[in-house]
Amino acid sequence: MDDLRPTLLPDCPPLAPTFFERDTLTVARELLGCRLLRFQPELGRWLGCVIVETEAYTANDPACHAYNRKTGRAAMLYEHPGTAYVYLIYGMYDCLNVVTEPQGTAGAVLFRALEPPEGLGLRTNGPGRLTKALKITRQAYNGLPLTAVESGLYLSAGMQVADHQVVQTTRIGITKAADYPWRFYVKDNPWVSVKAK
DNA sequence: TCAATGATTGAG
DNA sequence: TCAATCATTGAG
């Protein structure tokens with residue numbers, strides 16, 4: 001009776017790879033208000049969260065894993081736009097990114113906070129928390145397309161966020177290029193991890 | 001404030 | 001080889 005296969009929600013088609021095949025800062029800004037959809041196998045249904053905080057990382061950015069170099073884990077940043085890049089930070093937390101720019105050019109947007117549906121008790125304010133809450137692991141999701149429903153995790157367009165509701169400020173937790181204003185979040189949204197000072 | 005915890009990186 | 005670093009979090 002129960003069909004556990006991921007099924008497409010009619011009003012939530014995935015964003016196309018071309019959405020991500022653009023300037024990383026533009027993608028980071030436009031992802032605010034978009035939805036991250038996660039299939040929950042144990043419940044047989046989809047869970048949708050609104051993206052409220054992002055950060056941009058590019059090839060010529062000292063804070064980027066692929067800065068001036070293409071080796072190891074950072075190779076994923078050169079993959080097809082729309083690909084998931086999940087890495088382990090501080091030995092205990094996975095962080096979710098989506099690859100941007102054309103294939104061959106490094107770039108990614110880090111998801112720092114999501115607004116979850118009410119009443120589920122999900123903690124999605126913080127890059128380590130949101131992956132834990134949605135059970136997104138490096139082993140399962142690194143390299144999967146976030147543009148395909150079959151991944152069980154994909155991105156979809158949502159509400160447009162007006163410019164006056166967007167705060168652009170400096171990124172969190174880095175020491176290199178800490179002055180770059182490459183972090184975007186939705187103004188006054190309670191799920192944002194850290195407010196600008 | 002500060003320790004936990006492990007992959008990645010760069011120096012030797 | 002091996003020590004320092006790190007896009008964080010939760011406990012005290």
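Just so it is clear, the model here is predicted, and its values are computed rather than measured. To find a chain, count down the sequence lines: A is the first, B the second, and so on, and within it residues start at 1.
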Let me know the distance between [atom1] of [X] and [atom2] of [N], rounded to the nearest Å.
X: A/L88; N: B/dT8; atom1: CG; atom2: P; value: 8 Å
X: A/I89; N: B/dT9; atom1: CD1; atom2: P; value: 12 Å
X: A/R138; N: C/dA7; atom1: CZ; atom2: C1'; value: 15 Å
X: A/W182; N: C/dA7; atom1: CH2; atom2: P; value: 15 Å
X: A/L77; N: B/dT8; atom1: CG; atom2: C1'; value: 14 Å
X: A/M76; N: C/dA7; atom1: CE; atom2: C1'; value: 17 Å
X: A/R171; N: C/dC6; atom1: CZ; atom2: C1'; value: 14 Å
X: A/D94; N: B/dG6; atom1: CG; atom2: P; value: 12 Å

Pull out every residue in residues 48-57 of chain A that has a heavy atom closer than 4.0 Å to any atom of DNA chain C, ordered by number, or say none.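 By residue number: A/Y57.
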Output every pair passing salt bridge (Lys or Arg N to Asp or Glu O under 4.0 Å) with a member in residues 157-176 of chain A, not counting sequence neighbours, ordered by first then second residue.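 Listed once each, the pairs are A/R29-A/D163, A/D61-A/R171.
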Salt bridge (Lys or Arg N to Asp or Glu O under 4.0 Å) partners of residues 123-142 of chain A, not counting sequence neighbours, each pair once: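 Salt bridge (Lys or Arg N to Asp or Glu O under 4.0 Å) check on residues 123-142 of chain A returns no pairs.
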Where the side chain of A/S151 meets the backbone of A/Y154, is there a donor-acceptor pair that is under 3.5 Å apart?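 Looks like no, no N/O pair under 3.5 Å.
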Any donor-acceptor pair under 3.5 Å between the side chain of A/Y87 and the base of C/dA7?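 It does, because a donor-acceptor pair links the side chain of A/Y87 to the base of C/dA7 below 3.5 Å.
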Under 4.0 Å between a side-chain N/O of A/H65 and OP1 or OP2 of C/dA7, yes or no?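 Yes, such a contact exists.
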Nonpolar side-chain network containing A/M159, other nodes, edges under 4.5 Å: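 So far as hydrophobic clustering goes, A/M159 is joined with none.
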In whole Å, measure the gap between the P atoms of B/dT5 and C/dC2 for me.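 Comparing P positions in B/dT5 and C/dC2 gives a spacing of 22 Å.
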Can you tell me if A/Q160 has over 12 outside heavy atoms packed within less than 6.0 Å of its CD?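 No, not enclosed.
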Test of understanding: with side chain to side chain donor-acceptor pair (under 3.5 Å), list the residues that count as partners of [X], not counting sequence neighbours.
X: A/Y141; result: A/R38
X: A/Q168; result: none
X: A/Y85; result: A/H65

NA contact type, A/R73, heavy-atom cut-off 4.0 Å: base, sugar-phosphate, or nothing?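 The residue A/R73 makes sugar-phosphate contact but no base contact.
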Output side-chain donor-acceptor pairs under 3.5 Å for residues 112-119 of chain A, partner residues at least two apart or in another chain, one line each.
unit_1, atom_1, unit_2, atom_2, d
A/R112, NE, A/E53, OE2, 2.9
A/R112, NH2, A/S193, OG, 3.2
A/E115, OE1, A/N189, ND2, 2.8

Could I get the full list of ring-ring contact (aromatic ring centres under 6.0 Å, His included) partners for A/Y180, not counting sequence neighbours?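 Expected list: A/W182.
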DNA chain B: stems of at least 3 consecutive Watson-Crick or G-U pairs whose donor-acceptor distances fall under 3.5 Å: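 Consecutive-pair runs (3 or more) involving DNA chain B: B:1-4 with C:8-11, B:6-11 with C:1-6.
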Please assess A/V194 against A/R183 for the test side chain to side chain contact (heavy atoms under 4.5 Å, CB included), listing each intermediate value before the final yes or no. CA-CA 11 Å; A/V194 181; A/R183 171 169 171 250; 3.8 Å; yes
With 3.5 Å as the limit, what N/O pairs link the protein to nucleotides 9-12 of chain C?
unit_1, atom_1, unit_2, atom_2, d
C/dT9, OP1, A/P127, N, 3.1
C/dT9, OP1, A/G128, N, 2.8
C/dT9, OP1, A/R129, N, 3.3
C/dG10, OP2, A/R129, NE, 2.6
C/dG10, OP2, A/R129, NH2, 2.5

Could you work out, with salt bridge (Lys or Arg N to Asp or Glu O under 4.0 Å) as the rule, every residue matching A/R22, not counting sequence neighbours?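 Scan of A/R22 (salt bridge (Lys or Arg N to Asp or Glu O under 4.0 Å), adjacent residues dropped) gives A/E30.
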